[in-house]
Number of protein chains: 2
Amino acid sequence: MDRGSWNGDSMTADARPAAPALTERQEARRRRILHASAQLASRGGFEAVQMREVAEAAGVALGTLYRYFPSKIHLLVATMQDQLQHLHTTLRKRPPAGEEAAQRVAETLMRAFRALQREPHLADAMVRALTFADRSVSPEVDTVSRLTTAIILDAMGLEHPTPEQLSAVRVIEHTWHSALITWLSGRASIAQVKIDIETVCRLIDLTAEPEPGRG
Amino acid sequence: MDRGSWNGDSMTADARPAAPALTERQEARRRRILHASAQLASRGGFEAVQMREVAEAAGVALGTLYRYFPSKIHLLVATMQDQLQHLHTTLRKRPPAGEEAAQRVAETLMRAFRALQREPHLADAMVRALTFADRSVSPEVDTVSRLTTAIILDAMGLEHPTPEQLSAVRVIEHTWHSALITWLSGRASIAQVKIDIETVCRLIDLTAEPEPGRG
DNA sequence: GCTGAGTCTGAAACTTGTTCTAGATTAGCG
DNA sequence: CGCTAATCTAGAACAAGTTTCAGACTCAGC
(Lines give C-alpha, C1' and ligand atoms only; values in the text may rest on other atoms or scores of the structure.)
Protein backbone atom coordinates (compact mmCIF):
# COMPACT_ATOMS: atom_id res chain seq x y z
CA MET A 1 0.00 0.00 0.00
CA ASP A 2 2.07 2.78 -1.23
CA ARG A 3 0.32 6.08 -1.35
CA GLY A 4 3.27 8.23 -2.13
CA SER A 5 4.09 11.09 0.13
CA TRP A 6 1.65 13.76 -0.85
CA ASN A 7 -0.29 15.17 2.02
CA GLY A 8 -3.93 15.58 1.27
CA ASP A 9 -4.59 18.70 3.26
CA SER A 10 -2.94 21.63 1.60
CA MET A 11 -4.20 22.84 -1.75
CA THR A 12 -0.73 23.26 -3.11
CA ALA A 13 -0.61 20.38 -5.51
CA ASP A 14 2.94 21.28 -6.28
CA ALA A 15 4.35 17.97 -7.35
CA ARG A 16 6.69 19.63 -9.86
CA PRO A 17 10.21 20.36 -8.85
CA ALA A 18 10.59 23.09 -11.45
CA ALA A 19 8.32 25.75 -10.01
CA PRO A 20 10.77 28.50 -9.21
CA ALA A 21 8.74 31.14 -7.41
CA LEU A 22 6.93 33.28 -9.96
CA THR A 23 6.95 37.02 -9.50
CA GLU A 24 3.69 38.82 -8.99
CA ARG A 25 3.39 39.88 -12.60
CA GLN A 26 4.15 36.36 -13.70
CA GLU A 27 1.51 34.97 -11.41
CA ALA A 28 -0.91 37.49 -12.86
CA ARG A 29 0.03 36.49 -16.39
CA ARG A 30 -0.51 32.87 -15.56
CA ARG A 31 -3.94 33.64 -14.15
CA ARG A 32 -4.88 35.73 -17.18
CA ILE A 33 -3.90 32.87 -19.43
CA LEU A 34 -5.94 30.32 -17.51
CA HIS A 35 -8.87 32.70 -17.45
CA ALA A 36 -8.69 33.30 -21.17
CA SER A 37 -8.43 29.58 -21.76
CA ALA A 38 -11.51 28.83 -19.68
CA GLN A 39 -13.42 31.65 -21.31
CA LEU A 40 -12.68 30.55 -24.85
CA ALA A 41 -13.37 26.95 -23.92
CA SER A 42 -16.72 27.92 -22.44
CA ARG A 43 -17.65 29.58 -25.68
CA GLY A 44 -16.72 26.92 -28.17
CA GLY A 45 -15.08 23.91 -26.59
CA PHE A 46 -11.76 22.34 -27.46
CA GLU A 47 -11.45 23.77 -30.94
CA ALA A 48 -12.25 27.27 -29.82
CA VAL A 49 -9.21 27.31 -27.56
CA GLN A 50 -6.72 28.51 -30.15
CA MET A 51 -3.32 29.35 -28.85
CA ARG A 52 -3.09 32.65 -30.74
CA GLU A 53 -6.44 33.71 -29.36
CA VAL A 54 -5.60 32.66 -25.84
CA ALA A 55 -2.40 34.68 -26.08
CA GLU A 56 -4.18 37.72 -27.38
CA ALA A 57 -7.03 37.50 -24.87
CA ALA A 58 -4.49 37.16 -22.07
CA GLY A 59 -2.46 40.08 -23.38
CA VAL A 60 0.63 37.97 -23.79
CA ALA A 61 2.87 36.99 -26.68
CA LEU A 62 2.49 33.58 -28.22
CA GLY A 63 6.00 32.63 -27.16
CA THR A 64 5.19 33.54 -23.59
CA LEU A 65 2.08 31.43 -23.60
CA TYR A 66 4.23 28.50 -24.66
CA ARG A 67 6.74 29.27 -21.96
CA TYR A 68 4.00 28.96 -19.35
CA PHE A 69 2.21 25.99 -20.90
CA PRO A 70 4.24 23.91 -23.30
CA SER A 71 1.24 22.77 -25.32
CA LYS A 72 -2.47 23.28 -25.76
CA ILE A 73 -3.05 20.06 -23.89
CA HIS A 74 -0.93 21.23 -20.98
CA LEU A 75 -2.92 24.44 -20.92
CA LEU A 76 -6.27 22.71 -20.85
CA VAL A 77 -5.22 20.17 -18.26
CA ALA A 78 -4.01 23.03 -16.09
CA THR A 79 -7.37 24.69 -16.65
CA MET A 80 -9.03 21.54 -15.44
CA GLN A 81 -6.80 21.48 -12.36
CA ASP A 82 -7.95 24.98 -11.64
CA GLN A 83 -11.62 24.19 -12.01
CA LEU A 84 -11.34 21.00 -9.99
CA GLN A 85 -9.71 22.82 -7.13
CA HIS A 86 -12.59 25.23 -7.20
CA LEU A 87 -15.07 22.38 -7.15
CA HIS A 88 -13.29 20.65 -4.31
CA THR A 89 -13.50 23.72 -2.12
CA THR A 90 -17.17 24.17 -2.97
CA LEU A 91 -17.93 20.56 -2.20
CA ARG A 92 -16.17 20.72 1.15
CA LYS A 93 -18.41 23.54 2.20
CA ARG A 94 -21.52 21.46 1.58
CA PRO A 95 -20.68 17.80 1.84
CA PRO A 96 -23.11 15.22 0.47
CA ALA A 97 -25.75 14.05 2.89
CA GLY A 98 -26.46 10.42 2.03
CA GLU A 99 -26.20 7.66 4.59
CA GLU A 100 -24.30 5.14 2.54
CA ALA A 101 -20.88 5.84 1.13
CA ALA A 102 -22.07 4.78 -2.30
CA GLN A 103 -24.91 7.28 -2.14
CA ARG A 104 -22.63 10.09 -1.10
CA VAL A 105 -20.16 9.41 -3.88
CA ALA A 106 -22.90 9.20 -6.48
CA GLU A 107 -24.40 12.42 -5.20
CA THR A 108 -21.04 14.15 -5.29
CA LEU A 109 -20.34 13.06 -8.83
CA MET A 110 -23.80 14.05 -9.97
CA ARG A 111 -23.25 17.44 -8.42
CA ALA A 112 -20.01 17.77 -10.32
CA PHE A 113 -21.81 16.60 -13.41
CA ARG A 114 -24.45 19.28 -13.05
CA ALA A 115 -21.71 21.85 -12.69
CA LEU A 116 -20.22 20.61 -15.95
CA GLN A 117 -23.61 20.71 -17.63
CA ARG A 118 -23.72 24.41 -17.00
CA GLU A 119 -20.60 24.82 -19.14
CA PRO A 120 -20.70 21.90 -21.54
CA HIS A 121 -18.19 23.45 -23.91
CA LEU A 122 -15.70 23.98 -21.14
CA ALA A 123 -16.26 20.41 -20.01
CA ASP A 124 -15.66 19.25 -23.55
CA ALA A 125 -12.36 21.05 -23.83
CA MET A 126 -11.06 19.88 -20.48
CA VAL A 127 -12.12 16.26 -20.71
CA ARG A 128 -10.96 15.85 -24.29
CA ALA A 129 -7.59 17.29 -23.35
CA LEU A 130 -7.36 15.04 -20.34
CA THR A 131 -7.95 11.82 -22.24
CA PHE A 132 -5.94 12.88 -25.24
CA ALA A 133 -2.89 13.76 -23.21
CA ASP A 134 0.17 11.68 -23.95
CA ARG A 135 3.10 10.79 -21.72
CA SER A 136 4.54 14.29 -21.78
CA VAL A 137 1.57 15.48 -19.76
CA SER A 138 1.50 12.57 -17.35
CA PRO A 139 2.52 14.53 -14.25
CA GLU A 140 -0.20 17.10 -14.78
CA VAL A 141 -2.84 14.51 -15.60
CA ASP A 142 -1.78 12.64 -12.51
CA THR A 143 -2.36 15.71 -10.42
CA VAL A 144 -5.88 15.96 -11.77
CA SER A 145 -6.39 12.30 -11.05
CA ARG A 146 -5.21 12.70 -7.47
CA LEU A 147 -7.54 15.63 -7.01
CA THR A 148 -10.44 13.57 -8.27
CA THR A 149 -9.48 10.71 -6.00
CA ALA A 150 -9.36 13.09 -3.06
CA ILE A 151 -12.84 14.33 -3.87
CA ILE A 152 -14.23 10.81 -4.02
CA LEU A 153 -12.48 9.70 -0.85
CA ASP A 154 -13.84 12.79 0.85
CA ALA A 155 -17.33 11.77 -0.16
CA MET A 156 -16.73 8.27 1.11
CA GLY A 157 -15.48 9.67 4.37
CA LEU A 158 -12.39 7.51 4.32
CA GLU A 159 -9.07 8.36 5.82
CA HIS A 160 -7.28 5.09 5.29
CA PRO A 161 -8.71 3.28 2.30
CA THR A 162 -7.76 -0.33 1.71
CA PRO A 163 -6.11 -1.26 -1.59
CA GLU A 164 -9.41 -2.80 -2.58
CA GLN A 165 -11.21 0.44 -1.97
CA LEU A 166 -8.60 2.39 -3.87
CA SER A 167 -9.18 0.08 -6.77
CA ALA A 168 -12.91 0.72 -6.60
CA VAL A 169 -12.21 4.43 -6.57
CA ARG A 170 -10.03 4.08 -9.63
CA VAL A 171 -12.80 2.23 -11.42
CA ILE A 172 -15.23 4.96 -10.44
CA GLU A 173 -12.88 7.52 -11.89
CA HIS A 174 -12.56 5.54 -15.09
CA THR A 175 -16.31 5.39 -15.39
CA TRP A 176 -16.65 9.04 -14.58
CA HIS A 177 -14.29 10.15 -17.31
CA SER A 178 -15.55 7.78 -19.92
CA ALA A 179 -19.20 8.44 -19.17
CA LEU A 180 -18.50 12.15 -19.50
CA ILE A 181 -17.01 11.54 -22.89
CA THR A 182 -19.95 9.56 -24.17
CA TRP A 183 -22.24 12.29 -22.93
CA LEU A 184 -20.15 15.06 -24.47
CA SER A 185 -20.08 13.33 -27.81
CA GLY A 186 -23.82 12.92 -27.73
CA ARG A 187 -23.79 9.13 -27.49
CA ALA A 188 -25.30 8.93 -24.03
CA SER A 189 -28.05 10.87 -22.33
CA ILE A 190 -27.81 12.59 -19.01
CA ALA A 191 -30.04 9.90 -17.57
CA GLN A 192 -27.68 7.23 -18.78
CA VAL A 193 -24.69 8.93 -17.22
CA LYS A 194 -26.60 9.05 -13.96
CA ILE A 195 -27.38 5.36 -14.14
CA ASP A 196 -23.81 4.46 -14.96
CA ILE A 197 -22.51 6.47 -12.05
CA GLU A 198 -24.98 4.90 -9.69
CA THR A 199 -24.14 1.49 -11.05
CA VAL A 200 -20.43 1.84 -10.55
CA CYS A 201 -20.88 3.31 -7.11
CA ARG A 202 -22.37 0.04 -6.04
CA LEU A 203 -18.84 -1.28 -6.15
CA ILE A 204 -18.24 0.66 -2.99
CA ASP A 205 -20.67 -1.50 -1.12
CA LEU A 206 -18.76 -4.55 -2.27
CA THR A 207 -15.58 -3.27 -0.74
CA ALA A 208 -17.17 -1.80 2.37
CA GLU A 209 -15.03 -3.35 5.02
CA PRO A 210 -16.98 -3.80 8.23
CA GLU A 211 -14.99 -1.60 10.53
CA PRO A 212 -14.51 -3.07 13.93
CA GLY A 213 -16.91 -1.49 16.37
CA ARG A 214 -19.30 -0.13 13.78
CA GLY A 215 -22.77 -1.60 13.58
CA MET B 1 -20.98 17.26 -53.72
CA ASP B 2 -23.26 14.85 -52.04
CA ARG B 3 -23.22 11.30 -53.11
CA GLY B 4 -26.97 11.43 -52.94
CA SER B 5 -29.26 8.43 -53.05
CA TRP B 6 -28.33 5.37 -51.10
CA ASN B 7 -31.86 4.48 -50.21
CA GLY B 8 -33.09 2.75 -53.31
CA ASP B 9 -31.50 -0.54 -52.40
CA SER B 10 -32.48 -3.31 -50.12
CA MET B 11 -32.73 -2.33 -46.49
CA THR B 12 -30.36 -4.66 -44.81
CA ALA B 13 -30.28 -4.64 -41.04
CA ASP B 14 -26.73 -3.43 -41.37
CA ALA B 15 -26.58 -0.07 -39.68
CA ARG B 16 -23.78 1.22 -41.90
CA PRO B 17 -25.59 2.80 -44.86
CA ALA B 18 -22.72 5.09 -45.77
CA ALA B 19 -21.16 2.48 -48.04
CA PRO B 20 -23.18 2.40 -51.24
CA ALA B 21 -21.74 -0.60 -53.02
CA LEU B 22 -18.07 0.04 -53.63
CA THR B 23 -16.54 -1.37 -56.77
CA GLU B 24 -13.80 -3.91 -56.42
CA ARG B 25 -11.04 -1.38 -56.95
CA GLN B 26 -12.63 0.89 -54.41
CA GLU B 27 -12.85 -1.90 -51.89
CA ALA B 28 -9.20 -2.61 -52.55
CA ARG B 29 -8.30 1.05 -52.06
CA ARG B 30 -10.18 1.10 -48.80
CA ARG B 31 -8.32 -1.96 -47.58
CA ARG B 32 -4.98 -0.54 -48.64
CA ILE B 33 -5.72 2.62 -46.71
CA LEU B 34 -6.71 0.78 -43.55
CA HIS B 35 -3.65 -1.40 -43.86
CA ALA B 36 -1.35 1.57 -44.26
CA SER B 37 -3.01 3.24 -41.31
CA ALA B 38 -2.52 0.23 -39.06
CA GLN B 39 1.04 -0.19 -40.21
CA LEU B 40 2.04 3.40 -39.56
CA ALA B 41 0.21 3.32 -36.25
CA SER B 42 2.04 0.16 -35.23
CA ARG B 43 5.31 1.87 -35.90
CA GLY B 44 4.83 5.16 -34.12
CA GLY B 45 1.37 5.55 -32.65
CA PHE B 46 -1.08 8.36 -33.18
CA GLU B 47 1.40 10.96 -34.34
CA ALA B 48 3.00 8.62 -36.85
CA VAL B 49 -0.27 8.26 -38.71
CA GLN B 50 0.14 11.27 -40.97
CA MET B 51 -2.44 11.66 -43.65
CA ARG B 52 0.09 12.39 -46.39
CA GLU B 53 2.05 9.28 -45.46
CA VAL B 54 -1.04 7.11 -45.26
CA ALA B 55 -2.04 8.32 -48.71
CA GLU B 56 1.38 7.63 -50.15
CA ALA B 57 1.72 4.22 -48.49
CA ALA B 58 -1.74 3.28 -49.78
CA GLY B 59 -0.91 4.52 -53.27
CA VAL B 60 -3.73 6.98 -53.25
CA ALA B 61 -4.07 10.74 -53.56
CA LEU B 62 -4.59 12.80 -50.45
CA GLY B 63 -7.99 13.94 -51.66
CA THR B 64 -9.03 10.34 -52.18
CA LEU B 65 -7.99 9.42 -48.67
CA TYR B 66 -10.23 12.21 -47.41
CA ARG B 67 -13.07 11.02 -49.56
CA TYR B 68 -12.89 7.61 -47.94
CA PHE B 69 -12.25 8.86 -44.40
CA PRO B 70 -13.24 12.44 -43.74
CA SER B 71 -10.66 12.92 -40.99
CA LYS B 72 -7.71 11.31 -39.29
CA ILE B 73 -9.99 10.42 -36.40
CA HIS B 74 -12.48 8.75 -38.72
CA LEU B 75 -9.63 6.79 -40.25
CA LEU B 76 -8.30 5.56 -36.93
CA VAL B 77 -11.72 4.70 -35.56
CA ALA B 78 -12.36 2.69 -38.72
CA THR B 79 -9.01 1.01 -38.15
CA MET B 80 -10.16 0.10 -34.67
CA GLN B 81 -13.41 -1.30 -36.05
CA ASP B 82 -11.36 -3.48 -38.32
CA GLN B 83 -9.12 -4.77 -35.56
CA LEU B 84 -12.03 -5.36 -33.20
CA GLN B 85 -13.83 -7.42 -35.78
CA HIS B 86 -10.71 -9.49 -36.11
CA LEU B 87 -10.53 -9.92 -32.35
CA HIS B 88 -14.17 -10.86 -32.13
CA THR B 89 -13.74 -13.66 -34.63
CA THR B 90 -10.65 -14.90 -32.86
CA LEU B 91 -12.39 -14.87 -29.51
CA ARG B 92 -15.36 -16.76 -30.84
CA LYS B 93 -13.09 -19.57 -31.91
CA ARG B 94 -11.76 -20.00 -28.39
CA PRO B 95 -14.27 -18.71 -25.89
CA PRO B 96 -13.17 -18.04 -22.32
CA ALA B 97 -13.40 -20.98 -19.98
CA GLY B 98 -14.24 -19.56 -16.55
CA GLU B 99 -17.24 -20.74 -14.59
CA GLU B 100 -18.57 -17.39 -13.49
CA ALA B 101 -19.64 -14.75 -15.96
CA ALA B 102 -17.43 -12.22 -14.22
CA GLN B 103 -14.44 -14.49 -14.65
CA ARG B 104 -15.11 -15.02 -18.31
CA VAL B 105 -15.47 -11.33 -19.01
CA ALA B 106 -12.30 -10.51 -17.13
CA GLU B 107 -10.45 -13.22 -18.98
CA THR B 108 -11.75 -11.99 -22.31
CA LEU B 109 -10.72 -8.43 -21.63
CA MET B 110 -7.32 -9.49 -20.40
CA ARG B 111 -6.87 -11.49 -23.57
CA ALA B 112 -7.75 -8.42 -25.59
CA PHE B 113 -5.38 -6.45 -23.43
CA ARG B 114 -2.53 -8.83 -24.15
CA ALA B 115 -3.27 -8.51 -27.84
CA LEU B 116 -2.98 -4.75 -27.52
CA GLN B 117 0.24 -5.07 -25.56
CA ARG B 118 1.79 -6.75 -28.57
CA GLU B 119 1.16 -3.57 -30.58
CA PRO B 120 1.17 -0.80 -28.03
CA HIS B 121 1.65 1.94 -30.60
CA LEU B 122 -1.31 0.75 -32.60
CA ALA B 123 -3.35 0.58 -29.41
CA ASP B 124 -2.28 4.11 -28.60
CA ALA B 125 -3.41 5.46 -31.95
CA MET B 126 -6.75 3.70 -31.91
CA VAL B 127 -7.70 4.41 -28.31
CA ARG B 128 -6.61 8.03 -28.45
CA ALA B 129 -8.66 8.53 -31.59
CA LEU B 130 -11.64 6.82 -30.04
CA THR B 131 -11.76 9.01 -26.95
CA PHE B 132 -10.84 12.17 -28.80
CA ALA B 133 -13.58 11.75 -31.36
CA ASP B 134 -16.19 14.48 -31.37
CA ARG B 135 -19.82 14.37 -32.42
CA SER B 136 -19.00 14.14 -36.11
CA VAL B 137 -17.63 10.65 -35.50
CA SER B 138 -20.40 9.48 -33.22
CA PRO B 139 -21.87 6.89 -35.57
CA GLU B 140 -18.51 5.22 -36.10
CA VAL B 141 -17.60 5.34 -32.43
CA ASP B 142 -20.98 3.88 -31.66
CA THR B 143 -20.27 0.99 -33.96
CA VAL B 144 -17.07 0.29 -32.08
CA SER B 145 -18.96 0.50 -28.84
CA ARG B 146 -21.58 -1.95 -30.03
CA LEU B 147 -18.87 -4.33 -31.13
CA THR B 148 -17.27 -4.15 -27.71
CA THR B 149 -20.62 -4.70 -26.05
CA ALA B 150 -21.19 -7.73 -28.22
CA ILE B 151 -17.84 -9.17 -27.21
CA ILE B 152 -18.59 -8.69 -23.53
CA LEU B 153 -22.09 -10.10 -23.79
CA ASP B 154 -20.65 -13.06 -25.65
CA ALA B 155 -18.30 -13.66 -22.77
CA MET B 156 -21.15 -13.39 -20.30
CA GLY B 157 -23.13 -15.84 -22.36
CA LEU B 158 -26.20 -13.63 -22.39
CA GLU B 159 -28.82 -13.44 -25.07
CA HIS B 160 -31.29 -11.13 -23.43
CA PRO B 161 -29.55 -8.90 -20.93
CA THR B 162 -31.61 -6.89 -18.49
CA PRO B 163 -31.26 -3.12 -18.48
CA GLU B 164 -29.32 -3.50 -15.26
CA GLN B 165 -26.89 -5.84 -16.92
CA LEU B 166 -26.52 -3.55 -19.90
CA SER B 167 -25.64 -0.80 -17.49
CA ALA B 168 -22.99 -2.99 -15.90
CA VAL B 169 -21.61 -3.74 -19.34
CA ARG B 170 -21.46 -0.04 -20.13
CA VAL B 171 -19.54 0.58 -16.93
CA ILE B 172 -17.17 -2.22 -17.82
CA GLU B 173 -16.60 -0.63 -21.20
CA HIS B 174 -15.97 2.73 -19.58
CA THR B 175 -13.41 1.16 -17.29
CA TRP B 176 -11.85 -0.73 -20.13
CA HIS B 177 -11.27 2.36 -22.26
CA SER B 178 -10.14 4.56 -19.44
CA ALA B 179 -7.85 1.94 -17.95
CA LEU B 180 -6.28 1.48 -21.36
CA ILE B 181 -5.63 5.17 -21.54
CA THR B 182 -3.95 5.35 -18.18
CA TRP B 183 -1.81 2.40 -19.16
CA LEU B 184 -0.92 3.89 -22.54
CA SER B 185 0.08 7.18 -20.99
CA GLY B 186 2.27 5.37 -18.50
CA ARG B 187 0.24 6.29 -15.44
CA ALA B 188 -0.85 2.77 -14.59
CA SER B 189 0.95 -0.53 -14.69
CA ILE B 190 -0.26 -3.66 -16.41
CA ALA B 191 -0.95 -5.15 -13.01
CA GLN B 192 -3.12 -2.21 -12.11
CA VAL B 193 -5.13 -2.52 -15.30
CA LYS B 194 -5.68 -6.16 -14.48
CA ILE B 195 -6.89 -5.33 -10.99
CA ASP B 196 -9.23 -2.62 -12.27
CA ILE B 197 -10.75 -4.95 -14.81
CA GLU B 198 -11.24 -7.65 -12.24
CA THR B 199 -12.72 -5.14 -9.85
CA VAL B 200 -15.25 -3.79 -12.29
CA CYS B 201 -16.20 -7.26 -13.43
CA ARG B 202 -17.45 -7.93 -9.95
CA LEU B 203 -20.36 -5.70 -10.89
CA ILE B 204 -21.60 -8.56 -13.00
CA ASP B 205 -22.15 -10.68 -9.94
CA LEU B 206 -24.30 -7.92 -8.51
CA THR B 207 -26.63 -8.04 -11.47
CA ALA B 208 -26.53 -11.79 -11.96
CA GLU B 209 -30.18 -12.62 -12.12
CA PRO B 210 -31.32 -16.22 -11.93
CA GLU B 211 -32.42 -17.19 -15.44
CA PRO B 212 -36.07 -18.07 -15.01
CA GLY B 213 -38.44 -15.35 -13.92
CA ARG B 214 -37.63 -12.27 -11.89
CA GLY B 215 -38.23 -11.50 -8.29
C1' DG C 1 -16.66 2.65 -79.02
C1' DC C 2 -18.80 7.29 -77.14
C1' DT C 3 -20.65 10.05 -73.56
C1' DG C 4 -21.60 12.02 -69.18
C1' DA C 5 -21.50 11.66 -64.23
C1' DG C 6 -18.90 10.46 -60.83
C1' DT C 7 -14.13 9.45 -59.12
C1' DC C 8 -9.15 9.92 -58.73
C1' DT C 9 -4.78 12.54 -59.03
C1' DG C 10 -1.32 16.05 -58.16
C1' DA C 11 -0.47 20.17 -56.36
C1' DA C 12 -1.29 24.30 -54.11
C1' DA C 13 -3.52 26.78 -50.46
C1' DC C 14 -5.31 27.37 -45.95
C1' DT C 15 -5.61 26.55 -40.73
C1' DT C 16 -3.86 26.07 -36.36
C1' DG C 17 -0.38 24.06 -33.16
C1' DT C 18 4.44 24.73 -32.44
C1' DT C 19 9.19 26.61 -32.94
C1' DC C 20 12.52 30.15 -33.82
C1' DT C 21 14.75 34.77 -33.97
C1' DA C 22 15.97 39.45 -33.03
C1' DG C 23 15.19 43.10 -30.40
C1' DA C 24 12.80 45.41 -26.15
C1' DT C 25 11.77 45.05 -21.24
C1' DT C 26 12.32 43.54 -16.60
C1' DA C 27 14.41 41.76 -12.38
C1' DG C 28 18.05 41.14 -9.43
C1' DC C 29 22.52 42.92 -7.92
C1' DG C 30 26.61 45.51 -7.07
C1' DC D 1 22.44 54.16 -11.28
C1' DG D 2 24.31 50.81 -14.50
C1' DC D 3 25.06 45.89 -15.78
C1' DT D 4 23.74 41.31 -16.97
C1' DA D 5 20.81 37.47 -17.41
C1' DA D 6 16.39 36.20 -17.82
C1' DT D 7 12.04 37.12 -19.65
C1' DC D 8 8.80 39.12 -22.86
C1' DT D 9 7.21 40.78 -27.51
C1' DA D 10 6.25 40.78 -32.40
C1' DG D 11 6.46 38.35 -36.12
C1' DA D 12 8.12 34.99 -39.37
C1' DA D 13 8.62 30.25 -40.24
C1' DC D 14 7.56 25.41 -39.99
C1' DA D 15 4.48 21.06 -39.52
C1' DA D 16 0.56 18.41 -40.22
C1' DG D 17 -4.57 18.19 -40.79
C1' DT D 18 -7.82 19.77 -44.09
C1' DT D 19 -9.75 21.98 -48.31
C1' DT D 20 -9.82 23.19 -53.02
C1' DC D 21 -9.24 22.87 -58.00
C1' DA D 22 -8.17 21.71 -62.70
C1' DG D 23 -7.44 18.04 -65.35
C1' DA D 24 -7.19 12.83 -66.14
C1' DC D 25 -9.49 8.53 -65.49
C1' DT D 26 -13.43 4.95 -64.79
C1' DC D 27 -17.60 3.04 -65.44
C1' DA D 28 -22.51 2.37 -66.56
C1' DG D 29 -25.55 3.11 -70.23
C1' DC D 30 -26.18 3.92 -75.07
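Naming: A, B, ... by sequence-line order, numbering from 1 per chain. Predicted model, so just to flag it, every value in this text is computed and none were measured.
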Specify the separation, in whole Å, of atom [atom1] of [X] and atom [atom2] of [N].
X     : N      : atom1 : atom2 : result
A:R67 : D:dA6  : CZ    : P     : 10 Å
A:Q26 : C:dT25 : CD    : P     : 18 Å
A:L76 : C:dT18 : CG    : C1'   : 15 Å
B:E56 : C:dG10 : CD    : P     : 10 Å
B:Y68 : C:dG6  : OH    : P     : 16 Å
B:E27 : C:dT7  : CD    : P     : 15 Å

Touch class at under 4.0 angstrom, heavy-atom based, for B:F69 against every strand present: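 No contact.
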Test ring-ring contact (aromatic ring centres under 6.0 Å, His included) applied to [X] - qualifying residues, sequence neighbours left out:
X      : value
A:F69  : none
A:F113 : A:W183
A:F132 : B:F46, B:F132

Partner set under salt bridge (charged side-chain N to carboxylate O under 4.0 Å, His left out) for [X], not counting sequence neighbours:
X      : value
B:R29  : none
A:R25  : none
B:D142 : A:R187, B:R146

Listed once per pair and sorted, the salt bridge (charged side-chain N to carboxylate O under 4.0 Å, His left out) pairs that draw on residues 125-136 of chain A, sequence neighbours left out: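 Residue pairs passing salt bridge (charged side-chain N to carboxylate O under 4.0 Å, His left out), neighbours aside: A:D124-A:R128.
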Residue pairs, two or more places apart or on separate chains, that pass salt bridge (charged side-chain N to carboxylate O under 4.0 Å, His left out) and touch residues 176-185 of chain A: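 Matches after skipping sequence neighbours: none remain.
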Got a list of protein N/O to nucleotides 1-5 of chain D N/O distances below 3.5 Å?
none

Interface with DNA chain C, restricted to residues 120-132 of chain B and to heavy atoms under 4.0 Å: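 Heavy-atom cutoff 4.0 Å gives no residues at all.
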Contact state string [nucleotides 15-30 of chain D, B base, S sugar-phosphate only, - no protein heavy atom under 4.0 Å]: -BBBB------SS---
Stepwise salt bridge (charged side-chain N to carboxylate O under 4.0 Å, His left out) check, B:E198 with B:R202: CA-CA 7 Å; B:E198 283 162 357; B:R202 293 218 258 154; over 6 Å; no
Let me have the donor-acceptor pairs involving side chains of residues 101-112 of chain B, under 3.5 Å, with sequence neighbours excluded, atom names and distances please.
{"residue": "B:Q103", "atom": "OE1", "partner": "B:E99", "partner atom": "N", "Å": "3.4"}
{"residue": "B:R104", "atom": "NE", "partner": "B:A155", "partner atom": "O", "Å": "2.9"}
{"residue": "B:R104", "atom": "NH1", "partner": "B:G98", "partner atom": "O", "Å": "3.2"}
{"residue": "B:R104", "atom": "NH1", "partner": "B:E99", "partner atom": "O", "Å": "2.8"}
{"residue": "B:R104", "atom": "NH2", "partner": "B:M156", "partner atom": "O", "Å": "3.0"}
{"residue": "B:E107", "atom": "OE1", "partner": "B:A97", "partner atom": "N", "Å": "3.4"}
{"residue": "B:E107", "atom": "OE2", "partner": "B:R111", "partner atom": "NH2", "Å": "3.1"}
{"residue": "B:T108", "atom": "OG1", "partner": "B:R104", "partner atom": "O", "Å": "2.8"}
{"residue": "B:R111", "atom": "NH1", "partner": "B:R94", "partner atom": "O", "Å": "2.5"}
{"residue": "B:R111", "atom": "NH2", "partner": "B:R94", "partner atom": "O", "Å": "3.4"}

Residue pair A:T175 / B:H174, side-chain donor-acceptor N/O under 3.5 Å: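 Not at all, the side chains of A:T175 and B:H174 share no donor-acceptor pair under 3.5 Å.
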